[in-house]
There are 2 protein chains.
Amino acid sequence: MRLIALTSRAPWDVARLRRSVQKAAGRNFAPCATCGRADRICPMPSEAMLHERRPVAPHSGHAHAPDPLLARKLDYHQPLSRLERDVLAKALSLDVRTVQQRTILLEQGAAATKLAVMLDGWACRQKTLPDGRRQIVAFYLPGDVCDFSVLMAPAIDSTIELLPGARVAGISRDALGMLNRSQPRITRGLWWESQAAAAIQREWMINIGQRGARARIAHLICEIVTRLDAVGLMKHGRCALPITQADLGDACAMTTAHTNRTLRQLRDEKLISWRDNVLEVPDREALSAAAAFSAAYLQLSGAEEGALLALEL
Amino acid sequence: MRLIALTSRAPWDVARLRRSVQKAAGRNFAPCATCGRADRICPMPSEAMLHERRPVAPHSGHAHAPDPLLARKLDYHQPLSRLERDVLAKALSLDVRTVQQRTILLEQGAAATKLAVMLDGWACRQKTLPDGRRQIVAFYLPGDVCDFSVLMAPAIDSTIELLPGARVAGISRDALGMLNRSQPRITRGLWWESQAAAAIQREWMINIGQRGARARIAHLICEIVTRLDAVGLMKHGRCALPITQADLGDACAMTTAHTNRTLRQLRDEKLISWRDNVLEVPDREALSAAAAFSAAYLQLSGAEEGALLALEL
DNA sequence: CGCATGGTTGAGCGGGCTCAAGGTGAGTGG
DNA sequence: CCACTCACCTTGAGCCCGCTCAACCATGCG
């Protein structure tokens with residue numbers, strides 16, 4: 001009979017925290033995705049855009065908002081117009097929350113009323129057994145939508161926890177309804193996103209169920225790196241990794257101790273290095289090989305526009 | 001380093017198969033869900049119903065089709081009208097396929113064009129690693145929708161295999177589009193279904209990752225029993241279980257040998273009995289206790305009508 | 001009969017867990 | 001400036017659950 005793996009979950013190392021918060025704060029206006037300039041504050045689209053459906057208006061110079069990372073992901077499925085980007089940015093700007101420590105966004109069993117979208121930082125979705133064992137079932141990275149079931153399920157089935165430095169936007173049901181009516185291509189993209197998330201869940205099942213410890217950790221890291229890369233957050237093989245070894249272990253269904261040993265092994269093999277919340281992958285090919293990783297399930301390759309179909313609600 | 005678990009996957013016991021096929025064939029017109037009588041063949045709704053949106057017409061006596069099991073599941077979320085049931089039954093009757101042996105419905109990497117709905121029998125969704133290890137990531141029971149990503153993903157990320165005796169309906173994109181336009185409440189229910197499926201995936205991750213062998217098997221059986229019960233397929237604590245021990249093992253990420261031993265243990269404890277593809281659970285309470293099972297994640301409790309929101313496509 | 005499929009059982013081992021201790025670096029309070 | 005705390009990382013010794021390998025059995029079909 002297995003016993004409890006008591007990995008303490010408490011506040012966070014405050015020093016590193018400050019750093020990541022500072023970093024996040026410095027990015028209020030990222031460089032314009034279209035022209036690359038960040039020297040001027042872009043006016044946000046008017047709230048009216050959420051309500052009315054109208055043709056794409058050509059924009060003059062810098063007069064648009066910075067693209068949210070979610071837009072980048074939607075682009076993989078169906079490229080968005082300037083207007084659509086702006087409307088999405090507007091919708092994501094109405095209700096933003098930043099946390100500095102680990103914070104429960106939604107407790108297991110609670111009823112949610114908003115769709116949560118990660119703007120920056122990470123969140124993790126976890127389930128806890130009565131005996132204290134914990135399984136992380138998903139990591140939500142910048143640009144990810146946290147939970148779709150939120151919109152219809154009477155109660156959420158797992159806890160969503162924001163990690164230090166996370167910034168989330170909430171979209172109310174009403175706002176989403178309007179978005180749905182005025183910009184159906186955006187909500188169509190959300191539907192796709194939800195299916196992509198399901199595919200990731202399935203791959204995690206293989207990871208936990210079938211792979212050995214080394215491949216398991218390596219595979220998860222490959223996935224994270226690829227997903228971060230898709231939203232432009234990998235810089236020279238490095239990225240922020242605001243989680244603890246205990247988190248990584250719980251995501252891979254491994255003990256903290258064994259996770260540590262496995263990470264050490266990967267480090268000794270020069271496949272990764274991970275210090276101070278910064279992950280570096282010097283050779284992605286090698287790591288992918290160690291994990292037998294194939295990015296196909298992430299569905300970042302895009303598809304032809306006409307192939308899309310989603311269900312109205 | 002783990003090595004290959006070579007559990008052979010080949011055709012099926014054809015004798016039992018015949019039986020189940022016969023059984024399925026005998027049910028072309030199940031007893032009417034409304035009045036319980038099956039003595040008269042109900043005319044199917046006209047194809048026109050798929051196209052036009054019109055008010056619910058009162059039906060005279062027996063003049064309606066048998067409800068598909070999918071309708072029962074949708075009822076848990078939002079009760080369907082008579083017309084909606086009939087239209088759904090019609091849509092599910094246009095393209096039906098019955099298999100007698102294990103049959104690949106969709107190969108990993110293929111592009112699907114139809115939404116598949118289980119009418120009868122089981123299917124399982126699985127991923128296979130290069131080294132031959134297999135993970136079953138989902139069982140699809142009668143009334144379940146097989147794959148939602150099918151509608152948009154360029155290629156499916158896992159293989160869907162029909163088990164002997166399965167009967168599936170295919171809904172083409174066009175038909176689904178019409179259904180969406182004429183009966184939006186049905187497609188809204190499908191969206192819900194997809195989220196319920198995601199919740200099941202998450203619970204499986206806990207199962208595989210955190211529970212010991214006994215609880216793992218027991219939990220999966222509890223889930224199956226509960227899901228079958230939800231569509232009325234549990235009779236006096238018994239149900240059909242058209243899978244092998246190897247399947248059950250692969251779903252729980254366990255070896256066939258160990259699955260067998262664990263089943264034996266459960267049998268010795270009088271928690272289950274399983275012979276000739278018939279599972280019997282004499283004491284569901286006891287089994288649930290052994291598995292620490294709670295059915296909340298299955299979302300079969302229903303929700304208030306107004307709380308629903310889904311995304312158009 | 002032979003063969004295929006699936007279920008059953010045993011012997012042995014090893015990967016990952018448990019338990020336990022120590023190490024490190026950043027706050028914090030004197 | 002120091003001692004102390006707290007959160008996280010690291011490492012070691014030992015053991016057990018579940019895996020591997022290898023039979024054998026039961027049943028049904030050609």
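Naming: A, B, ... by sequence-line order, numbering from 1 per chain.
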Interatomic distance where CD belongs to Q265(B) and P belongs to dC17(D) [whole Å] | 11 Å
Considering just the side-chain nitrogens and oxygens of R267(B), establish if one lies under 4.0 Å of OP1 or OP2 belonging to dG7(C).
-> no
Would you work out how much the helix from dC1(C)-dG30(D) to dG30(C)-dC1(D) bends between its ends, with each end axis defined by five base pairs, to 10 degrees?
-> 30°
I243(A) CD1 to dC8(D) C1', in whole Å, measures 13 Å
Only residue of V145(A), V168(A), V231(A) satisfying side-chain contact (heavy atoms from CB on, under 4.5 Å) with M118(A) is V168(A)
Atom-to-atom span, NE2 of H258(B) to P of dC13(C) - whole angstrom | 18 Å
Please determine, by modelled atom types, if S158(A) and R125(A) share a side-chain donor-acceptor pair under 3.5 angstrom.
-> yes
Looking only at atom types and distance, does a side-chain atom of Q135(A) sit under 3.5 Å from a main-chain N or O of D250(A), one as donor and one as acceptor?
-> yes
Can you tell me how far the OG1 atom of T262(B) sits from the CZ atom of R214(B), to the nearest 0.5 Å?
-> 10.0 Å
Among the nucleotides dC21(D), dG7(C), dC19(D), whichever has the atom closest to the side chain of Q245(B) is dG7(C)
Roughly how many Å is it from CZ in R211(A) to P in dG15(C), rounded to a whole number?
-> 19 Å
Find the distance Q210(A):CD to dG15(C):C1' and express it as a whole number of Å.
-> 15 Å
Between A253(B) and A257(A), which is nearer to the 5' end of DNA chain D once each is assigned its nearest nucleotide?
-> A257(A)
Quickly work out the I272(A) CD1 to dC9(D) C1' distance and round it to whole Å.
-> 14 Å
Starting at CD of Q135(B) and ending at C1' of dC19(D), how long is that distance when rounded to a whole Å?
-> 15 Å
Does a nitrogen or oxygen in the side chain of R133(A) sit under 4.0 Å from OP1 or OP2 of dT18(C)?
-> yes
Hey, can you tell me if F139(B) and W204(B) have their rings parallel, tilted or perpendicular (30° and 60° cut-offs)?
-> perpendicular
Looking at N260(A), does any N or O in its side chain come under 4.0 Å of the phosphate oxygens OP1/OP2 on dT10(D)?
-> yes
May I have the distance from D276(B) (atom CG) to dT5(C) (atom P), rounded to whole angstrom?
-> 19 Å
Would you tabulate the side-chain donor-acceptor contacts of residues 284-292 of chain A under 3.5 Å, counting partners in other chains and residues two or more places apart, or write 'none'?
unit_1, atom_1, unit_2, atom_2, d
R284(A), NH1, D229(A), OD2, 3.1
R284(A), NH2, D229(A), OD2, 3.4
S288(A), OG, R284(A), O, 2.9

So, is R264(B) close to the dT9(C) phosphate, meaning a side-chain N or O under 4.0 Å from OP1 or OP2?
-> yes
Respond yes when some side-chain nitrogen or oxygen of R261(A) is under 4.0 Å from OP1 or OP2 of dT11(D), and no when none is.
-> no
Between Y140(A) and W122(A), does the ring centroid distance fall short of 6.0 Å?
-> no
